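Some notes on the structure that comes next.
Quick caveat, the model's predicted, so the values are computed rather than measured. Only this structure's heavy atoms are used, side chains among them; waters, hydrogens and symmetry mates stay out. We number each residue from 1, following the sequence as shown.
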Amino acid sequence: MSKKSKFQRPAGMHDVLSGNQRYFQKIYNICKNIADFYRFQEIATPILESTELFSKGIGMTTDIVQKQMFTLRTKGGDYLTLRPEFTPGVIRAYIEHGMQNLPQPVKLYSLGPVFRYEHPQAGRYRQFNQFNLEVIGEGNPVIDAQIIQIFYTILKELKIKNLLVEINSIGDNQCRPYYKKLLTNYLKSRESALCSDCRRRLRENPLRVLDCKEDKCQRVVSQAPQIIDHLCEECHRHFKSVLEFLDEIDLPYHLNPYLVRGLDYYTKTVFEIFSIEKEKTEAEGVSSKIALVAGGRYNNLVKLLGGEDIPAVGAALGVERIVNLLKVKSGEAKEKEVYPVFLAQLGNLAKRKGLKLLEDFRKAKILVAEALGRDSLKAQLKTADKLGVKYTLLLGQKESLEGVVIIRDMKTGKQEIVKLGKIVKEMKRRLKK
Ligand code: HAM
């Protein structure tokens with residue numbers, strides 16, 4: 001066990017050590033390739049934005065704004081917040097750079113860390129990475145279906161199994177106020193059966209009660225009026241079309257009339273993609289849902305943040321949650337680094353020659369492992385053995401003076417002397433075989 005160090009990483013934040021980097025790289029590569037195919041352009045916005053952008057964009061009564069923002073005051077007295085998600089920053093950039101004057105829709109992807117002051121637990125961190133897509137300037141329902149399709153494809157390419165797509169429509173300014181009234185009346189009649197958080201939500205944002213995980217609240221919610229029965233004609237038609245497009249591409253989905261989402265900007269379509277996992281610790285048959293992707297349409301946000309009346313739709317994927325699934329799948333199997341050659345040296349002159357030789361190999365794109373700081377030949381050969389290299393190059397004092405190097409075939413033990421100036425070419429020839 002390592003000694004407890006004086007400083008530890010902040011709660012809910014993680015060091016990504018070298019052994020885990022490959023999972024992140026794999027996810028990023030697949031996400032970027034698919035985003036490129038669909039002609040999304042990358043946008044990188046600042047990690048810090050004005051606090052007001054998030055409170056206005058996400059909504060004052062949401063958990064993110066009320067409890068989860070990392071906010072600081074600058075020396076100049078401004079309030080800035082570490083982005084808890086990408087969407088408000090991307091829309092701010094769209095407006096600030098006049099992107100409404102570009103051919104629409106503008107399709108943007110982003111990748112990077114976001115920060116939420118949440119209670120840290122498995123799969124829930126205070127710093128995590130998202131891959132985020134936004135399509136701004138297009139209201140057609142085919143785009144809602146396409147966003148779901150793109151994320152579903154990403155998860156399939158990552159070979160994530162047991163996917164569940166849940167979808168709902170939460171209406172718009174036309175129909176939602178009436179539904180909110182109906183829901184509030186219903187919830188008020190059952191207020192005593194709700195948890196204390198939901199009693200507060202009932203006054204501030206009754207739709208959020210539908211999202212509560214408490215058993216007693218879910219019992220109340222299961223009898224609540226459903227927004228789907230109260231959509232206006234336009235929202236109804238839009239939602240029907242989204243579902244028809246999904247049917248057309250055989251993308252399986254489950255209608256969840258109580259899916260609402262914890263951000264206030266959504267209008268019409270909302271969706272989440274889960275992985276269904278059998279709990280290892282609980283009795284067999286018990287399963288849990290891990291939310292991997294979430295998003296939806298948000299037709300009012302551009303205007304709310306000072307832009308024109310422009311519709312948009314998007315979603316984000318939680319990178320660490322996928323990393324966790326990939327790690328379980330690969331059984332944490334460590335992939336061996338594949339270095340075909342090891343350079344072992346002995347003596348100061350050999351170290352000098354070795355330093356130059358390594359650069360020649362790098363230019364020739366041949367991977368060579370080394371331990372230049374070591375003096376013991378035995379220790380170096382042990383390392384070469386551990387790495388499982390095909391060849392070890394031995395460069396001692398004598399060889400350095402004579403301008404040669406010994407090639408040892410690690411499998412047969414056969415040794416051969418080659419001129420230093422010809423070694424790169426010779427290794428290229430041997431490794432090609
Ligand atoms: P969100 O549902 O807040 O949506 O987050 C998207 C995904 O980020 C979640 O499905 C989950 O995989 C991951 N995630 C969320 N919180 C955590 C956490 N504490 N630790 C680890 N992973 C987490 C949004 O962020 C919206 N901006 C999506 C969007 C884009 N809607 C329209 N455009």
Side-chain angles (χ1 to χ4, degrees), residues 2 4-21 23-25 27-28 31 44-74 78-90 92 109-134 151 197 200-201 205 208 211-214 260-265 272-275 277 288-295 314-328:
S2 59
K4 200 168 177 206
S5 58
K6 187 171 169 196
F7 296 108
Q8 273 120 43
R9 57 187 192 268
M13 302 192 179
H14 296 270
D15 301 309
V16 183
L17 302 182
S18 61
N20 281 343
Q21 291 289 354
Y23 299 108
F24 285 84
Q25 286 313 322
I27 297 167
Y28 294 160
C31 285
T45 54
I47 290 178
L48 281 168
E49 297 265 8
S50 84
T51 301
E52 200 193 342
L53 173 73
F54 297 118
S55 50
K56 196 161 185 181
I58 299 171
M60 288 304 285
T61 62
T62 59
D63 281 355
I64 291 187
V65 171
Q66 284 193 344
K67 305 181 195 162
Q68 297 173 355
M69 297 206 301
F70 284 91
T71 296
L72 59 89
R73 195 169 174 205
T74 65
D78 298 325
Y79 285 96
L80 297 178
T81 293
L82 284 170
R83 63 182 177 211
E85 54 138 341
F86 280 98
T87 312
V90 172
R92 193 254 326 123
Y109 83 82
S110 314
L111 183 68
V114 295
F115 302 82
R116 294 184 192 176
Y117 191 82
E118 295 208 69
H119 183 63
Q121 50 184 288
R124 175 154 296 147
Y125 310 125
R126 288 184 176 171
Q127 177 179 341
F128 59 99
N129 289 278
Q130 283 189 340
F131 174 73
N132 186 81
L133 295 183
E134 311 291 359
F151 279 102
D197 263 352
R200 176 181 50 80
R201 287 179 188 132
N205 194 348
R208 301 282 307 133
D211 214 19
C212 182
K213 303 285 177 285
E214 294 275 332
V260 278
R261 313 271 298 114
L263 306 126
D264 275 358
Y265 48 63
E272 286 199 66
I273 310 182
F274 301 92
S275 165
E277 290 291 299
S288 65
K289 282 157 72 179
I290 304 168
L292 303 178
V293 174
L317 169 150
V319 176
E320 279 74 2
R321 292 194 182 169
I322 311 239
V323 168
N324 292 345
L325 291 178
L326 295 182
K327 272 166 77 176
V328 170

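- S110 approaches V90 most closely through the heavy-atom pair OG-CG2, 3.9 Å.
- From L80, atom CG reaches atom OG1 of T74 across 5.5 Å, with rounding to the nearest 0.5 Å.
- Atom CD of E320 is separated from atom CD of Q130 by 9.5 Å, given to the nearest 0.5 angstrom.
- With rounding to the nearest 0.5 Å, the separation of OG in S55 from CE in M69 is 5.5 Å.
- For the residue pair E49 and G89, the shortest heavy atom distance occurs at OE2-CA, 3.5 Å.
- Between the side chains of R200 and Q66, at least one donor-acceptor pair of N or O atoms lies under 3.5 Å.
- With sequence neighbours excluded, the residues satisfying side-chain contact (heavy atoms from CB on, under 4.5 Å) with L82 are I47, L48, F70, F115.
- Ring centers of F131 and Y109: under 6.0 Å apart, within the cut-off.
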Point to revise | Verdict with reasoning, D15 to M13, per side-chain contact (heavy atoms from CB on, under 4.5 Å) | key: CA-CA 7 Å; D15 301 309; M13 302 192 179; over 6 Å; no
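- Panel note: side chain R208, backbone R261; a donor-acceptor pair is recorded below 3.5 Å.
- Residues E134 and G314 come closest through the heavy atom pair OE1-CA, 3.4 Å.
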Check your understanding: Can H14 and R9 be said to form a side-chain contact (heavy atoms from CB on, under 4.5 Å), step by step?
Key -> CA-CA 7 Å; H14 296 270; R9 57 187 192 268; 4.1 Å; yes
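- S275 places a side-chain heavy atom less than 4.5 Å from the side chain of L325.
- Atom-to-atom distance recorded for L263:CG and T62:OG1 is 6.5 Å, nearest 0.5 angstrom.
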Practice item. Applying side-chain contact (heavy atoms from CB on, under 4.5 Å), run through S50 and R92 and close with a yes or a no. Key: CA-CA 10 Å; S50 84; R92 193 254 326 123; over 6 Å; no
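- With hydrogens and angles disregarded, no donor-acceptor distance shorter than 3.5 Å links the side chain of R116 to the backbone of K67.
- One distance of note links CG of L317 with CZ of F151; it measures 6.0 Å at 0.5 Å rounding.
- Between P88 and I58, the shortest heavy-atom distance links the atoms CG-CG1, 4.0 Å.
- With R321 contributing its side chain and L292 its backbone, the two residues share no donor-acceptor pair below 3.5 Å.
- D211 contributes atom CG, which lies 7.5 Å from atom CZ of R201 (distance to the nearest 0.5 angstrom).
- In this structure E272 satisfies the side chain to side chain donor-acceptor pair (under 3.5 Å) test with no other residue, sequence neighbours excluded.
- Across all their heavy atoms, A11 and R126 have their closest contact at O-CD, 3.3 Å.
- Around atom OH of Y117, no more than 12 heavy atoms belonging to other residues, nucleotides or ligands sit under 6.0 Å away.
- Looking at V16, I27, V114, V319 one by one, the single match for side-chain contact (heavy atoms from CB on, under 4.5 Å) with N129 turns out to be V319.
- Considering every non-hydrogen atom in both F54 and E85, the closest pair reads CE2-O, 4.0 Å.
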